[in-house]
Structure formats: C-alpha cells, structure tokens
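Heads up: the structure comes next, in structure tokens.
We count ligands from 1, going down the list as the structure has it; atoms in each ligand are counted the same way. Along the sequence shown, residues carry numbers from 1. Quick caveat: nothing in here was measured; it's all calculated off a predicted structure. Values below: all heavy atoms of this structure, side chains included; hydrogens, waters and symmetry mates excluded.
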Amino acid sequence: MSLLPILRFPDPRLQKRAAPVTKIDDSIRRLAADMAETMYEAPGIGLAATQVDVHKRVVVIDVSEEKNALRVFVNPELVDQAGLTVGEEGCLSVPGIYDKVERAERVTVRYLDLDGKPQELQAEGLLAVCIQHEIDHLNGKVFVDHLSQLKQMRIRSKLAKQARVTA
Ligand code: GNR
Ligand code: NI
C-alpha cells in the first residue's frame with residue numbers, strides 16, 4: 001500500500017470529470033486500498049479518486065468512530081434524494097476551510113463493490129452528506145463551489161497566502 005499526494009484547491013485537476021470504471025481488476029482494488037490508507041492517514045472520512053489525480057469513479061468512505069467500517073463505491077450514482085440538511089463541511093483538498101453546505105438529508109446510492117457486484121445503499125446523516133461530497137468530486141466539483149462568489153474569493157486568497165508561508 002502507499003500514501004498518495006492529495007491535490008489542493010484551486011488545482012484545475014480537481015475540476016476534471018472522472019470516467020466510469022469499466023473493469024474492476026487488481027489495479028482498481030489497489031487504488032481503493034491506497035486511497036483508504038491516504039484517507040485514514042490524513043485523517044478524513046472520505047476520499048474521491050479525483051483528489052489523488054486519478055480520474056476514475058472510485059470513492060472510499062469511513063464515517064465510523066472506530067475507523068473500522070471502510071466502504072468502497074465504484075461508479076456511485078444517486079438514484080434517490082429526500083429532505084434537506086445544512087451542515088459544516090471541510091475537505092482534504094481545501095485544508096483549514098470549513099463552511100455550511102446544503103445537501104439532501106437522505107440518499108439512495110447505487111454502485112459496484114470491489115467484486116463488481118451491483119449494490120444499493122440508503123444513507124442519512126453524515127454518511128449521506130459524505131456520499132454527496134464525494135460524488136461532487138467525481139464530477140469536478142469541490143464544496144467551495146456551493147458557496148457565494150465572495151466566499152470563494154476569500155478562500156482562494158487565504159489558501160494562496162498559506163501556500164506562500166508554507167513554501
Ligand atoms: O474529512 C472530511 N470531512 C467532511 C466533513 C463534512 C462533510 C464532508 C467531509 S469529506 C472530508 C474528506 C474529503 O475531502 N473528502 O472528499
Ligand atoms: Ni473533499
């Protein structure tokens with residue numbers, strides 16, 4: 001297994017739309033394992049392949065307290081959404097920035113597991129929010145895109161300033 005570097009907003013590669021996985025083979029299983037290791041190490045509750053510059057529709061999520069409930073979603077699709085919820089979000093690609101985003105409260109997601117078997121999951125709470133946040137990444141969208149233009153501008157300048165100090 002290996003840790004993968006995470007792209008930082010506003011890297012234009014975060015805006016690429018990921019392609020569906022056509023064959024679930026060992027390279028996809030290795031990618032998912034490396035993404036899980038990267039997510040746990042960060043630490044974060046989810047990671048989309050887009051964030052590690054792999055433009056395939058693969059997501060890993062673990063919202064458990066004990067960090068022992070890894071979920072892998074290949075080609076995830078929202079087939080149902082209900083209700084609305086507003087929660088504070090953060091993103092490993094936008095370090096140090098947190099803001100409120102409106103999301104569906106409950107979702108049904110269809111996906112393939114690592115055996116290539118079709119699965120369907122109903123989710124609510126943090127898991128539902130995280131699924132929506134990760135599918136956004138696969139579509140080239142970051143949570144910051146849900147905020148006002150003014151907030152986006154402030155975030156860009158804050159991150160640019162941070163990058164100058166850390167360089
Ligand atoms: O670690 C993460 N926490 C989080 C908190 C609220 C809503 C979404 C998230 S996902 C984020 C990890 C990440 O950037 N995934 O893309
Ligand atoms: Ni994110």
* E65 atom CD, neighbour heavy-atom count above 12 within 6.0 Å -> no
* Structure fact -> Residues passing the side-chain hydrogen bond (donor to acceptor under 3.5 Å, both in side chains) test with E37, sequence neighbours excluded, are none
* To the nearest 0.1 Å, how far is atom 14 (O) of ligand 1 from its closest protein heavy atom, and which atom is that? -> L92 N, 2.8 Å
* So which of V59, N75, L121 actually passes side chain to side chain contact (heavy atoms under 4.5 Å, CB included) with Y111? -> L121
* Around the Ni ion (ligand 2), how many protein N, O or S atoms are closer than 2.8 Å? -> 3
* Structure fact -> For C91, the atoms of ligand 1 under 4.0 Å from one of its heavy atoms are 14 (O)
* Subset of ligand 1 atoms that lie under 4.0 Å from at least one heavy atom of H137 -> 16 (O)
* **Polar side-chain atom of N139 near backbone of K141 as donor-acceptor pair, under 3.5 Å** => no
* Output yes when the distance from some N or O of ligand 1 to some N or O of A48 is under 3.5 Å, and no in every other case. => no
* To do: Decide if atom CD of Q119 counts as having more than 12 heavy atoms of other residues, nucleotides or ligands within a radius under 6.0 Å.
  => yes
* Asked: At a 4.0 Å threshold, what atoms of ligand 1 neighbour a non-hydrogen atom of E88?
  -> 6 (C)
* To do: Output the list of atoms in ligand 1 that are nearer than 4.0 Å to some heavy atom of G90, sorted by atom number.
  => 4 (C), 5 (C), 6 (C), 8 (C), 9 (C), 10 (S), 11 (C)
* To do: Using the rule that two of Ile, Leu, Val, Met, Phe, Trp, Tyr join whenever any of their side-chain heavy atoms come within less than 4.5 Å, decide whether L92 and V52 are in one cluster.
  => yes
* To do: Could you say whether the N/O atoms of S93 and ligand 1 ever approach to under 3.5 Å?
  => no
* Enumerated ligand 1 atoms positioned under 4.0 Å from heavy atoms of E134 -> 10 (S), 13 (C), 15 (N), 16 (O)
* Structure fact -> Of all protein heavy atoms, the one nearest atom 13 (C) of ligand 1 is G46 O, 3.4 Å
* Where does E89 meet ligand 1, judged by heavy-atom distances below 4.0 Å: at the side chain, the backbone, both, or neither? -> both
* Asked: Taking distance alone, with no angle check, do I45 and ligand 1 share an N/O pair under 3.5 Å?
  -> yes
* Structure fact -> For G44, the atoms of ligand 1 under 4.0 Å from one of its heavy atoms are 1 (O)
* Asked: Are side-chain N/O atoms of H146 and D136 paired as donor and acceptor at under 3.5 Å?
  -> yes
* Listed by chain and number, what are the side-chain hydrogen bond (donor to acceptor under 3.5 Å, both in side chains) partners of T85, not counting sequence neighbours? -> none
* Asked: Any idea which protein heavy atom is nearest atom 8 (C) of ligand 1, and the distance to it?
  -> H133 ND1, 3.5 Å
* Structure fact -> Contacts of Q122 meeting side chain to side chain contact (heavy atoms under 4.5 Å, CB included) (sequence neighbours excluded), chain-then-number -> T108
* Name of the residue among V21, D26, V54 meeting side chain to side chain contact (heavy atoms under 4.5 Å, CB included) with L31 -> V54
* ILVMFWY network linking L70 to M35, side-chain heavy atoms under 4.5 angstrom -> yes
* Does a side-chain N-to-carboxylate-O contact under 4.0 Å join E77 and R110? -> no
